Chemist: 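Sharing a structure with you now.
Excluded from the calculations below are hydrogen atoms, water molecules and symmetry mates; all remaining heavy atoms, backbone and side chain alike, are included. Just so it is clear: chains get the letters A, B, ... in the order the sequence lines come, proteins before strands, and each one is counted from 1. Quick caveat, the model's predicted, so the values are computed rather than measured.
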2 protein chains.
Amino acid sequence: MTIKDIARLSGYSLGTVSRVLNNHPDVSQAARERVMAVVQEQGFEPNTNARHLKLQAQSAIAVLVKGSQNLLFAGILERIQSLLQDSEEEVYVAYLDEDADEVQYAVQLVKLRRPKGFLFLGGDLECFRREFHQITVPCVLLTNDAQSLGFGNLSSFTTDDTAAAGAVIEYLYRHGHRRIGVLGGNLASEQISLKRLRGVQNTMQRLGLPFDARSQHVPCRFSMAEGYAAARRLLEREPELTALFALGDVIALGAMRAIYDLGLRVPEDISIVGYDGINETRFCIPRLTTIRQDAAQLAARGVQTLLQAIHYKHPPVYETIDFALLEHESVGSVEPQ
Amino acid sequence: MTIKDIARLSGYSLGTVSRVLNNHPDVSQAARERVMAVVQEQGFEPNTNARHLKLQAQSAIAVLVKGSQNLLFAGILERIQSLLQDSEEEVYVAYLDEDADEVQYAVQLVKLRRPKGFLFLGGDLECFRREFHQITVPCVLLTNDAQSLGFGNLSSFTTDDTAAAGAVIEYLYRHGHRRIGVLGGNLASEQISLKRLRGVQNTMQRLGLPFDARSQHVPCRFSMAEGYAAARRLLEREPELTALFALGDVIALGAMRAIYDLGLRVPEDISIVGYDGINETRFCIPRLTTIRQDAAQLAARGVQTLLQAIHYKHPPVYETIDFALLEHESVGSVEPQ
DNA sequence: CTGAAAGCGCTTACAG
DNA sequence: CTGAAAGCGCTTACAG
């Protein structure tokens with residue numbers, strides 16, 4: 001079943017059928033009705049390959065997700081899918097490893113599938129700096145700030161990671177904590193974790209707290225298993241810590257179990273704060289105090305901006321999405337020494 | 001940059017370039033080398049739209065995931081992605097609502113994108129029975145059994161849900177539990193939850209335990225929030241229950257928090273068993289006793305079978321993948337009355 | 001082994 | 001408002 005069959009069946013020419021299908025204004029009402037009737041009756045769907053070939057058109061919107069176990073991204077992705085479905089865009093999703101080079105992957109994808117735009121869930125600025133110039137379609141980076149890169153086709157929406165991490169440290173400080181350990185992140189690359197760590201260091205310094213990253217910080221990937229191991233290592237090595245800041249909720253969830261297995265209690269013996277605000281934090285015992293990133297907002301602004309940039313040329317936008325510190329049950333007060 | 005440019009640059013004709021690109025045997029070594037050199041030098045990638053149009057070819061393998069919050073599926077999906085990446089297949093992933101009609105979606109996708117095969121993560125047999133005849137490409141259904149449907153192009157790999165649910169009830173019985181509540185699932189449609197529920201009922205009957213689904217079972221979707229609400233409702237209504245069986249781990253995680261909020265302890269006051277064996281069950285407090293579905297095995301056999309069916313015609317296979325009851329910390333013993 | 005040519009299914013100036 | 005025709009980039013019988 002092709003457009004040719006529809007033409008024959010409807011008594012109109014190829015061209016007219018195509019125009020009806022594409023909602024061209026210059027078609028008579030009669031032709032429109034007749035053709036649509038045949039299309040309906042036959043359940044005809046135009047061949048996308050031919051259409052794209054002719055239009056030199058790009059196909060779907062590609063979403064590159066860094067880290068398949070990242071539950072924050074899962075939540076954002078769910079909303080993106082639903083928003084793009086509403087606007088009838090095709091979506092192509094790929095999961096990459098947490099430490100993969102997402103821009104390199106995107107460059108490959110451009111050659112292979114010609115997506116009309118990219119949505120990056122997570123991204124390493126270093127990769128963008130190195131290879132992003134090869135990409136010319138509109139792109140949006142979520143949960144990291146692309147302003148410093150200055151690419152004309154790359155917008156970004158992110159939480160202010162440095163401020164949020166600072167807010168966590170201040171919050172712990174107000175509750176009397178002076179010896180705070182930090183879990184997670186990767187110092188080798190310019191990922192979001194670096195900014196959070198910078199927020200920690202700045203704020204510690206401002207509050208006059210000593211912070212020796214070598215002893216008080218254990219890097220790890222964003223998983224419960226690594227959070228568990230990192231917390232154990234840190235607490236065994238530095239038993240005088242009264243609070244932990246995990247740079248991701250999943251790390252915190254693993255850490256909470258590690259604390260329990262060390263015979264300690266949250267928050268009586270050790271306080272802990274997470275980052276992201278995923279669902280799980282509202283159901284674990286105790287509920288996890290955490291920084292909530294606004295997944296709905298990130299998804300909505302990201303999709304909206306990408307679609308606009310695809311349809312009309314727009315300068316890039318860089319927006320900061322508000323975060324909130326959700327005070328749950330995992331932080332206790334201690335007497336500052 | 002098209003094949004025409006490569007022809008010009010290499011001094012060979014269009015046809016020869018195409019033959020080189022497609023690894024046809026009837027090309028001289030000289031032509032092959034010269035053409036490949038130019039292709040390399042120019043970084044040429046053939047246009048997929050044109051190629052597919054000409055070949056009438058299907059494109060990617062489509063993976064339809066039922067329920068974006070399903071962490072078991074997330075684990076299976078991660079493995080599928082990596083396996084298909086190794087075999088250089090393109091993957092198209094779509095998340096559907098837990099209660100969506102996945103077969104209807106697949107039928108749409110066939111018209112739109114002509115995938116060369118489908119991998120269904122979760123599926124409602126009723127939908128398959130009604131509409132699957134419209135799909136002719138090879139398909140694999142994971143976590144449900146398609147044998148009873150008898151479609152020649154639909155294989156399936158699943159845990160024996162009825163047996164696994166039965167094993168849970170027996171396990172609780174051996175620990176003295178006689179009054180057992182069940183959380184989750186949807187009785188309206190022929191989803192996997194129905195089989196688990198049947199396993200519960202059969203085994204209860206065999207053990208001589210009364211089971212009144214109307215009072216002892218609260219259906220809910222597979223999320224922590226719904227698990228929380230369902231558990232609260234059930235325990236407030238039936239305070240004499242000593243154990244809960246949640247038909248999914250996420251439901252169990254929500255339920256554990258509900259139990260805590262009711263002032264009860266797991267497993268001292270209430271025992272609870274989950275289903276799926278997701279990562280979280282190894283880190284929550286207490287660790288959740290659960291049925292482990294073998295995600296690695298499901299993914300591996302599913303992908304392998306689908307690829308074979310795509311490349312050579314094969315009769316469908318229906319396999320049962322072994323489950324395991326992971327005895328963790330959420331079940332206690334009680335004195336049977 | 002290679003080139004010239006047809007055709008996959010569609011869109012869109014160009015005429016009328 | 002409509003039809004005839006060119007052409008998007010590729011593959012593959014068909015000749016030679």
Chemist: Checking ring-ring contact (aromatic ring centres under 6.0 Å, His included) against A:Phe151, which of A:Phe118, A:Tyr318, A:Phe132 comes through?
Modeler: A:Phe132
Chemist: With respect to the phosphate group of C:dT2, does any side-chain polar atom (N or O) of B:Arg19 fall under 4.0 Å of OP1 or OP2?
Modeler: no
Chemist: In whole Å, I'd like the distance from the NZ atom of B:Lys4 to the P atom of C:dA5.
Modeler: 13 Å
Chemist: Between A:Ala31 and A:Leu14, which is nearer to the 5' end of DNA chain D once each is assigned its nearest nucleotide?
Modeler: A:Ala31
Chemist: Would you indicate which nucleotide in C:dT2, C:dG3, C:dG7 comes nearest to any side-chain atom of B:Lys54?
Modeler: C:dG7
Chemist: Under 4.0 Å between a side-chain N/O of A:Thr16 and OP1 or OP2 of D:dG3, yes or no?
Modeler: yes
Chemist: Tell me: CG of B:Asn22 to P of D:dG9, nearest whole Å?
Modeler: 17 Å
Chemist: So, does B:Arg51 get its side chain near the phosphate of D:dG9, meaning an N or O under 4.0 Å from OP1 or OP2?
Modeler: no
Chemist: Atom CD of A:Gln29 to atom P of D:dT2: distance rounded to whole Å?
Modeler: 11 Å
Chemist: In whole angstroms, how far is the C1' atom of C:dT11 from the CD1 atom of A:Ile6?
Modeler: 16 Å
Chemist: Please name the nucleotide paired to D:dA13 by Watson-Crick or G-U wobble geometry with both distances under 3.5 Å, or report none.
Modeler: none
Chemist: In whole angstrom, what separates A:Leu53's CG from D:dA6's P?
Modeler: 17 Å
Chemist: Return the pairing partner of D:dA4 with a 3.5 Å limit on both distances, Watson-Crick or G-U wobble; otherwise return none.
Modeler: none
Chemist: Taking the P atom of each, how far is C:dC1 from C:dA5, in whole Å?
Modeler: 24 Å
Chemist: Distance check, rounded to the nearest 0.5 Å: B:Phe222 atom CZ versus B:Leu71 atom CG?
Modeler: 12.5 Å
Chemist: Look at the side-chain N and O atoms of A:Ser28 and state whether any lies under 4.0 Å from the OP1 or OP2 oxygen of D:dT2.
Modeler: yes
Chemist: When you compare the side chains of B:Gln308 and B:Gln304, does any donor N or O come within less than 3.5 Å of an acceptor on the partner?
Modeler: no
Chemist: A:Asn23 CG to C:dT12 P: how many Å, rounded?
Modeler: 12 Å
Chemist: Taking the C1' atom in each of C:dG16 and C:dT12, what is the distance between them to the nearest angstrom?
Modeler: 16 Å
Chemist: Verify the ring-centre separation between B:Phe120 and B:Phe128: is it less than 6.0 angstrom?
Modeler: yes
Chemist: CD1 of B:Ile3 versus P of D:dG9: gap in Å, rounded?
Modeler: 11 Å
Chemist: Working to the nearest 0.5 Å, report the span between CD of B:Glu131 and CG of B:Asp101.
Modeler: 4.0 Å
Chemist: Is the distance from OP1 or OP2 of C:dT12 to the nearest side-chain N or O of A:Ser18 less than 4.0 Å?
Modeler: no
Chemist: Would you mind reading off the distance between B:His24 atom NE2 and C:dT2 atom P, rounded to a whole angstrom?
Modeler: 13 Å
Chemist: Give a yes/no answer on whether the side chain of A:Asn47 brings an N or O atom under 4.0 Å of OP1 or OP2 in C:dC10.
Modeler: no
